[in-house]
Amino acid sequence: MEVFYNSTRSQGTPVKASEAILKGLSDDGGLFVPDHIPALDKSLKELSAMNYREVAYEVMKLYLTDFTEEELKNCINRAYDSKFDTEVIAPLVEAEGAYYLELFHGSTIAFKDMALSILPHLMITSARKNQIKNEIVILTATSGDTGKAALAGFAGVEGTRIIVFYPKNGVSPIQEKQMVTQKGDNTLVVGIHGNFDDAQTGVKMIFSDKELAKEMDEKGFQFSSANSINIGRLVPQICYYVFAYAKLLAEEKVTEGETINVVVPTGNFGNILAAFYAKNMGLPIGKLICASNDNKVLYDFFRTGTYDRNREFVLTTSPSMDILISSNLERLIYRIAGNDAAKNAELMAALGGQGKYEITGEMKAALADFYGNYASEAETAEEIKRLYNSCGYVLDTHTAVASAVYQKYVAETGDNAKTVIASTASPFKFTRSVMNAIDAKYDAMGDFELVDELSKLANVTVPNAIEEIRTAPVVHDKQCDVDKMKDTVKEFLNI
């Protein structure tokens, strides 16, 4: 059955998957959502015999229904190849009885690679399918990981350009070095004087600028997004939850149909939303455990039913979660509002105006699948140290937030169901924070000394993504104020 995509903010004409991928954001500012969540059409037992690429095809074919089998398999095979440092693509590592789903084995050592390795191929295929002659300009705001993963995916891809905005003082030194050393004539990286929410809001404003869109079209350009608001990012993320369950079944860690819980460190809400979609496709998931850091806007939302971004923005050691406007939550709000675009648009207008909204009691009851909690900076550091001392497994700061929240969940509920924890980044991406958590003595070392020390400590080879930036020259040193983002885009495109 064909899947079409609607906007979360209006009852416009539904579009095909390829059109939704190309546009990124609906014309009314809404996000594209499938008109129904398709059910898995292979049994869990059948899926357990498949490798990652095969599972990815079985999931994605159900959502991207206007892609031919050949087109989709070509995209998948080009994405999940030797760019990943393990044949498994997304291995599960057991530590203290929980299963850490390592999503950081791609070329930029963060979970964003799982979707951003395939997005350029989906986008170029979509452009061909829709006879698009314009050059596609990818415009993205990043809290640290999306930027580099998108740059790596789109660099040198014919018919595309990519512009990444990041908060100048809001990412880790390694994250920044990864971005500013990116090669490719079609790439631009800009540090903004503001936080991630400022960057994200600025990008959304550029997207909704009709005059600029007209100007660009005249010059042969059109915008699209590589942020998690693009449905072409969300659909590939569903795959790894299905694959994780299939692996547990293949290794006889669960019986067929046994319910598992999933814990996700959450910022923009796309990663946990993908797990929610997987559950609604028939994957036996019980609780979706949403882990926040000190920017605990989601924890407060799940507790009270009020989403309120009017609070202090906290810079933490888990910067990819330093977000007060979780864009993908809108897709869930639309769903629990009974797919009511008008109701959702009203709530999003309140968020844009007063900076907060409150859902109804009925909508709150529809969130029963979710459990929200948070870990403070101290608790996050303590969890890194505790797990390392306990079994020698080293977590990055984001995964440590998830792990700490998982401990709280079990203590609070007594629920000992098998649990998959999304491990979203390599500890090598946040070496200083990770090593300081294990022992404060490491703070005296330089960034790359710490890399080598971590390699010894964790008994893990230094990833290629880190090795290649040790001596790489800075290519991008552009900075701008938030109100100059549009001018920066026009300058890069010569319009």
Side-chain angles (χ1 to χ4, degrees), residues 1-38 60 62-67 119 122-123 125-134 136-140 200-201 203-218 221-235 238 268-270 273-274 276-277 280 307 325-353 357 359-360 363 366:
M1 186 176 171
E2 195 157 4
V3 174
F4 287 92
Y5 291 83
N6 298 311
S7 167
T8 52
R9 297 193 191 180
S10 70
Q11 301 292 351
T13 310
V15 299
K16 292 181 176 180
S18 61
E19 295 172 284
I21 288 168
L22 274 176
K23 286 176 81 70
L25 201 61
S26 174
D27 291 337
D28 54 31
L31 277 58
F32 287 112
V33 284
D35 58 3
H36 67 281
I37 294 180
M60 285 196 242
L62 301 172
Y63 286 92
L64 309 182
T65 50
D66 65 327
F67 282 68
L119 183 62
L122 294 175
M123 207 165 266
T125 306
S126 296
R128 279 201 298 267
K129 291 173 85 64
N130 291 277
Q131 286 82 50
I132 297 296
K133 299 287 184 279
N134 282 347
I136 295 164
V137 180
I138 304 298
L139 191 62
T140 289
Q200 183 164 252
T201 302
V203 163
K204 283 182 177 175
M205 283 173 70
I206 294 170
F207 266 115
S208 59
D209 188 324
K210 300 282 188 283
E211 260 180 56
L212 178 60
K214 186 168 172 284
E215 224 178 315
M216 286 182 56
D217 189 47
E218 285 164 3
F221 296 113
Q222 70 185 66
F223 281 132
S224 191
S225 170
N227 274 82
S228 58
I229 53 174
N230 193 313
I231 199 72
R233 276 276 305 272
L234 186 62
V235 169
I238 301 167
N268 225 10
F269 208 76
L273 184 71
F276 175 78
Y277 275 36
N280 283 275
Y307 191 98
I325 304 172
S326 302
S327 291
N328 271 290
L329 184 63
E330 179 171 346
R331 286 187 164 112
L332 181 64
I333 297 298
Y334 171 82
R335 184 179 171 88
I336 64 173
N339 299 340
D340 183 339
K343 176 66 178 169
N344 176 69
E346 177 195 316
L347 294 173
M348 294 308 127
L351 182 64
Y357 61 80
I359 61 173
T360 64
M363 288 168 74

To the nearest 0.5 angstrom, please state how far the CG atom of Asn130 sits from the CG atom of Asp66. 7.5 Å

Given Met123 and Ile132, is the side chain to side chain contact (heavy atoms under 4.5 Å, CB included) satisfied, shown in steps? CA-CA 11 Å; Met123 207 165 266; Ile132 297 296; over 6 Å; no

Quick one: CZ on Phe32 to CZ on Arg331, what's the gap to the nearest 0.5 Å? 9.5 Å

Classify the side-chain pair Arg233/Asn230 by whether it contains a donor and acceptor separated by less than 3.5 Å. no

With a 4.5 Å cut-off on side-chain heavy atoms, are Leu234 and Tyr63 touching? no

Verify side chain to side chain contact (heavy atoms under 4.5 Å, CB included) between Ile206 and Leu139, making sure each step is shown before the conclusion. CA-CA 9 Å; Ile206 294 170; Leu139 191 62; 3.5 Å; yes

Is there a side-chain contact between Thr360 and Met363 (heavy atoms, below 4.5 Å)? yes

State, yes or no, whether a side-chain contact exists between Met216 and Phe223 at a heavy-atom distance under 4.5 Å. yes

Does any N or O in the side chain of Asp209 come within less than 3.5 Å of the main-chain N or O of Glu211, such that one atom is a donor and the other an acceptor? yes

Using side-chain heavy atoms (C-beta onward) and a distance below 4.5 Å, is Met1 in contact with Leu62? no

Looking at residues at least two apart in the chain, or sitting in another chain, which of them share a side-chain hydrogen bond (donor to acceptor under 3.5 Å, both in side chains) with Ser208? none

Side-chain (Ser224) to main-chain (Ile138) donor-acceptor, under 3.5 angstrom: no

Lys204, NZ atom: more than 12 neighbouring heavy atoms under 6.0 Å: yes

Just how far is it from atom CG of Leu25 to atom OG of Ser327, taken to the nearest 0.5 Å? 9.0 Å

Evaluate the side-chain proximity of Asn268 to Gln200: yes if any heavy-atom separation is below 4.5 Å, no if none is. yes

Minimum heavy-atom separation for Tyr357 to Leu351, with atom names? CD2-CB, 3.8 Å

To the nearest 0.5 Å, how far apart are CG in Leu31 and OH in Tyr5? 13.0 Å

For side chain to side chain contact (heavy atoms under 4.5 Å, CB included), just list the numbers for Phe276 and Leu332, CA-CA rounded to whole Å, side-chain angles, deciding distance to a tenth of an Å, and then say yes or no. CA-CA 9 Å; Phe276 175 78; Leu332 181 64; 3.8 Å; yes

Are any non-hydrogen side-chain atoms of Leu273 and Leu329 less than 4.5 angstrom apart? no

Not counting sequence neighbours, list each pair that qualifies as a side-chain hydrogen bond (donor to acceptor under 3.5 Å, both in side chains) and has a residue in residues 338-349. Glu330-Asn344

Within-4.5 Å side-chain heavy-atom neighbours: Phe4 and Pro34: no

What pairs with Ala345 under side-chain contact (heavy atoms from CB on, under 4.5 Å), at least two apart in sequence or on another chain? Arg9

Using modelled atom types only, decide if a donor and an acceptor are shared between the side chain of Tyr334 and the backbone of Gly30 within a distance under 3.5 Å. no

Which residues pass the side-chain hydrogen bond (donor to acceptor under 3.5 Å, both in side chains) test with Thr65, not counting sequence neighbours? none

Minimal non-hydrogen separation, Leu119 against Ala226, with atom names: CD2-CA, 3.7 Å

Ionic contact status for Glu19 with Lys23, cut-off 4.0 Å: no

Please enumerate all residues that pass salt bridge (charged side-chain N to carboxylate O under 4.0 Å, His left out) together with Glu2, with sequence neighbours excluded. none

Using a distance-only test with no angle check, is there a side-chain donor-acceptor pair under 3.5 angstrom linking Ser7 and Asp28? yes

Any heavy-atom pair between the side chains of Ser126 and Phe67 that's under 4.5 Å? yes

Between Arg335 and Tyr277, does the side chain to side chain contact (heavy atoms under 4.5 Å, CB included) criterion hold? Intermediate values first, please. CA-CA 11 Å; Arg335 184 179 171 88; Tyr277 275 36; 5.6 Å; no

Partner set under salt bridge (charged side-chain N to carboxylate O under 4.0 Å, His left out) for Lys129, not counting sequence neighbours: Glu71

Backbone N or O of Asn328 within a donor-acceptor pair of the Ser326 side chain at under 3.5 Å? no

